[in-house]
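In what follows, a structure is listed as structure tokens, so that the remarks can point back to it.
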2 protein chains.
Amino acid sequence: LVRLLHGRERELRDCHGIQFHVTGIASRRLGWIADPAGLSVSLLDSAAVSARPPAASRDLTNVRDWLRVARADVLFEATSLNVENGQPARDHIRAALLGGAHAITANKGPVVHAYRELRDLAKNAGRQFLFESAVMDGVPIFSLFRDNLPVLHLRGFRGILNSTTNIILSEMEAGSSFAASLAKAQALGVAETDASYDIDGWDAAVKVAALATVLMGIPTTPDRISRQGIRELSADAMRAAKQSGRRYKLVCRAERVGDAVEARVQPEILPSTDPMAQLDGSSSIICFETDIFPNLVITENNPGLDATAYGMLADFVRAAKSDPRSDHTRLPNRPRQA
Amino acid sequence: LVRLLHGRERELRDCHGIQFHVTGIASRRLGWIADPAGLSVSLLDSAAVSARPPAASRDLTNVRDWLRVARADVLFEATSLNVENGQPARDHIRAALLGGAHAITANKGPVVHAYRELRDLAKNAGRQFLFESAVMDGVPIFSLFRDNLPVLHLRGFRGILNSTTNIILSEMEAGSSFAASLAKAQALGVAETDASYDIDGWDAAVKVAALATVLMGIPTTPDRISRQGIRELSADAMRAAKQSGRRYKLVCRAERVGDAVEARVQPEILPSTDPMAQLDGSSSIICFETDIFPNLVITENNPGLDATAYGMLADFVRAAKSDPRSDHTRLPNRPRQA
């Protein structure tokens, strides 16, 4: 994200009137680091900053103090997924919004566990709570529906939303063992921190819950999604399916039924004519059923390594442009701080 | 469009704070009809309005007078395609913007022949020039790039963007003659007013030119697109291709080369594994190559009859929400007039 922000610095300024300084970074490795005058990001790459933290960082031990010292206008939240309650991302986002900063997350946990709370908190604070990177990397799914498909009714969707299992299934079809296939997905850097989240369908279920919660307006937690992972699929069954022109895929489905949503994540055998059957590697696909477009499909093939960071960058542009404190039609007097 | 507007009237008001009256209609059949107090739209269906036009409509003979009498805040422009110069849509849109109305069109002619002029005119007038329905019915392609993919670089695209030829090719593969296949496309109501625009690739070329002009920022007129239609394809060749697992499709391609765009529309034989090969009927597909998403695909399968009208409705919501004369966060004091 930092690389991408700096790579697009000139375009952000020239095309969108947005300038920024990075005034705080917090990570397990670096601890709480903040300097309202701006951090030299080249230092962060070499981790030199952790050896000699800015004076303003002394004694920082929690997110509220860190945000206050950083004087942040925008928080980028990128902790890893917690399926049970969306913490600590949920508290980080709350702290940012209460402290007057926009909150941008790539984490779907807070979306499924606290969407309405955080949305309303952001609204009351006049700030943005944005999470485009939570599903399908940075492909603008949430903003498409929010900004560009008004008074449209989403009846349901189906798709393949977890890359790790998709890579594993492709590898097993080709003859690899489950363990070797998982190792490959991890080597590619797409597996979640806890790979069982992927394999047992949790990651996909949380994505389905996030989409149902936000796009269908039906609060849905992952435990309410019927869920079956790929642990029990045998390589023999997969190769046999492939030989008969069909493929196993971990398929997500959701359908509006009255005021509720019926959703499930499970392995399915798909005919080769199904567009979901052709998806390989780290690609994702989602097919929306709406009242105007009966079958609108978005496919993200082989996303680049920066696709998730890009979603956060796009959210940053949205937040800055919406901010009454900034005038994005001119160069701002005071640079945005992130 | 009128049916859709009235069908969503309550949602437009409750969710977006938008109210409207239809204050003018002009068509070959009805002539120039305007009433700033609002027209009863049920009359329009039965054409009774043409038998007894509102008093305010007397002596109207041109678009400027008609817009002035209608006191329109928004013009919906839906004349048919003129490949050579984008008229009369271009003049209609100019008149609307100069008269203080937002201009929304489903016509791609003015986009390829006058995009920068109309965009700048709209900007100076503080109004919107919107054309989401010009390509892929109402699927939000233009607004996706404009609103949701900031600082992204589009390197090129390929796709199938003309429904009439896609229907004809599918029918001919199945054994129908060219004439019978064309008659079927016309019966489905998807063929352009002049079907040769479809068959000779003009409709597809204008769409490619519109996408290159707006999304790639390179002004492109249809005569600069290398273009070959489907007139010379034989049914035998098509069936032979299908038997070998391949399909003829009228494929659009555009690629940025330096500061220019190289684009063409031509029949291609595609392998069955190409997602474009699987497209049937009135469906459309576009595959974008960008610097972040190497292959982002949007497929619109079997659009409903109201998909194009929906694109204009979505543009209407965009225009109304952008309008400093309206306060869409509350119910407006004065209803929007369209």
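We use all heavy atoms of the structure for the numbers below, so side chains are in, but hydrogens, waters and symmetry mates are not. Each chain gets a letter, A, B and so on, in the order the sequences are listed, and its residues count up from 1.
Heavy atoms of V151(B) lying under 4.5 Å from chain A belong to its backbone as well as its side chain. Heavy atoms closer than 4.5 Å to chain A are found nowhere in P275(B), neither backbone nor side chain. For L313(A), the part lying under 4.5 angstrom from a heavy atom of chain B is the side chain only. For chain A, the nearby parts of L149(B) are the backbone and the side chain; heavy atoms of each come within less than 4.5 Å. The part of L4(B) that comes within reach of chain A is its side chain, from C-beta onward, which places non-hydrogen atoms under 4.5 angstrom from that chain. E11(B) touches chain A through backbone and side chain together, each having a heavy atom under 4.5 Å away. When heavy atoms are compared at a cutoff of 4.5 Å, E300(A) approaches chain B by way of both its backbone and its side chain.
Heavy-atom minimum distance, N148(B) versus D147(A): OD1-OD2, 3.2 Å. Of all heavy-atom pairs between N302(B) and P294(A), the closest is O-CG, 2.8 Å. Shown here for F293(A) and A307(B), the closest heavy-atom pair between the two residues is CE2-CB, 3.8 Å.
Looking only at heavy-atom pairs under 4.5 Å with chain A, the residue among I285(B), T273(B), D291(B) that has the most is D291(B). When the candidates D137(B), L12(B), L296(B) are compared by the number of heavy-atom contacts under 4.5 Å with chain A, L296(B) comes out ahead. Comparing P140(A), P150(A), S143(A) by heavy-atom pairs within less than 4.5 Å of chain B, the highest count is held by P150(A).
The CG atom of D306(A) sits 4.0 Å away from atom CD1 of I292(B), with the distance rounded to the nearest 0.5 Å.
By a heavy-atom distance cut of under 4.5 Å, not one residue of residues 119-135 of chain A is near chain B.
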